[in-house]
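Here the structure is laid out as C-alpha cells; the discussion comes afterwards.
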Amino acid sequence: MDISSWNNLSQYKAKIIGTKKKFFGKEYMEAIKDCNMAIALDSNLASAYKIRGSCKRELGDYWGAVQDFDKCLQLSDDIMALYYRGCCK
C-alpha cells in the first residue's frame, strides 16, 4: 500500500478500519504496516497505536506493544488500551 494514496484524513481513517479487519484476520504484519503509514501522516491517531500495539502483542513483541499502548493512552482515554497494556507479559 502506497502512502501517497492516503491523501486525506477521512481516507486514512477508513484504512484504519481495514487495518482492524487485518488484525482480526491475523494478518498482523500487514496491519502494522498500515498503522505505520497512518502514524506517519498523523502521529496523534490513537487508534493506530492501539491496533499496532495489539498486533505487536500477538507477535510476542511485548515491549513494543507496551510502548504503543502508552502512546495511545497519552493521546486518548481509551480504557481498552490500558487493559491491553496490562495483558502484555
Side-chain angles (χ1 to χ4, degrees):
M1 189 176 308
D2 181 11
I3 196 166
S4 65
S5 67
W6 294 26
N7 58 9
N8 68 45
L9 184 63
S10 63
Q11 282 184 325
Y12 78 90
K13 284 190 177 181
K15 298 277 187 190
I16 289 296
I17 294 169
T19 301
K20 287 180 184 179
K21 290 179 184 177
K22 289 179 182 176
F23 171 77
F24 289 114
K26 299 185 180 183
E27 298 175 54
Y28 303 124
M29 293 307 294
E30 289 301 314
I32 287 172
K33 288 178 189 176
D34 288 355
C35 289
N36 289 342
M37 286 188 225
I39 290 166
L41 290 171
D42 181 357
S43 62
N44 293 316
L45 191 60
S47 60
Y49 289 100
K50 184 171 77 173
I51 295 166
R52 189 173 74 176
S54 296
C55 291
K56 288 178 179 179
R57 186 192 69 219
E58 292 299 318
L59 293 170
D61 178 8
Y62 300 113
W63 176 246
V66 166
Q67 290 177 315
D68 281 342
F69 294 136
D70 284 347
K71 184 65 175 181
C72 177
L73 290 165
Q74 287 175 358
L75 298 171
S76 72
D77 59 353
D78 189 329
I79 193 72
M80 290 309 296
L82 183 61
Y83 171 78
Y84 295 145
R85 186 190 188 287
C87 292
C88 293
K89 295 181 181 180

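Keep in mind it's a predicted model, so treat the numbers as computed, not measured. Counting begins at 1 with the first residue of the sequence.
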| task | With rounding to the nearest 0.5 Å, note down the distance linking CG in N44 to SG in C72. | result | 11.5 Å

| request: Please check if the side chain of S43 supplies one atom and the backbone of I39 the other of a donor-acceptor pair under 3.5 Å. | output: no

| said: Go through it in stages, so that I can follow the logic: the residues are F69 and S54, the test is side chain to side chain contact (heavy atoms under 4.5 Å, CB included), and I'd like the CA-CA distance, side-chain angles, deciding distance and then a yes or no. | reply: CA-CA 8 Å; F69 294 136; S54 296; 3.8 Å; yes

| field | Between CD on residue Q67 and CZ on residue R85, distance to nearest 0.5 Å | value | 10.0 Å

| field | Straight-line distance of M37 CE to T19 OG1, nearest 0.5 Å | value | 9.0 Å

| Criterion side chain to side chain donor-acceptor pair (under 3.5 Å) against D34, the qualifying member of R52, K20, K22 | K22

| Does any non-hydrogen side-chain atom of Y49 lie less than 4.5 Å from one of C35? | no

| said: Enumerate the salt bridge (Lys or Arg N to Asp or Glu O under 4.0 Å) contacts for residues 53-66, please, sequence neighbours excluded, ordered by first and then second residue. | reply: K56-D68

| said: Taking F24 as the starting point, is it possible to reach L59 by hopping between hydrophobic residues whose side chains are less than 4.5 Å apart? | reply: yes

| field | From K33 atom NZ to C55 atom SG, the distance as rounded to the nearest 0.5 Å | value | 12.0 Å

| field | Intermediate values then yes/no, ring pair (Phe, Tyr, Trp, His ring centres under 6.0 Å), Y28 and F23 | value | CA-CA 5 Å; Y28 303 124; F23 171 77; 5.6 Å; yes

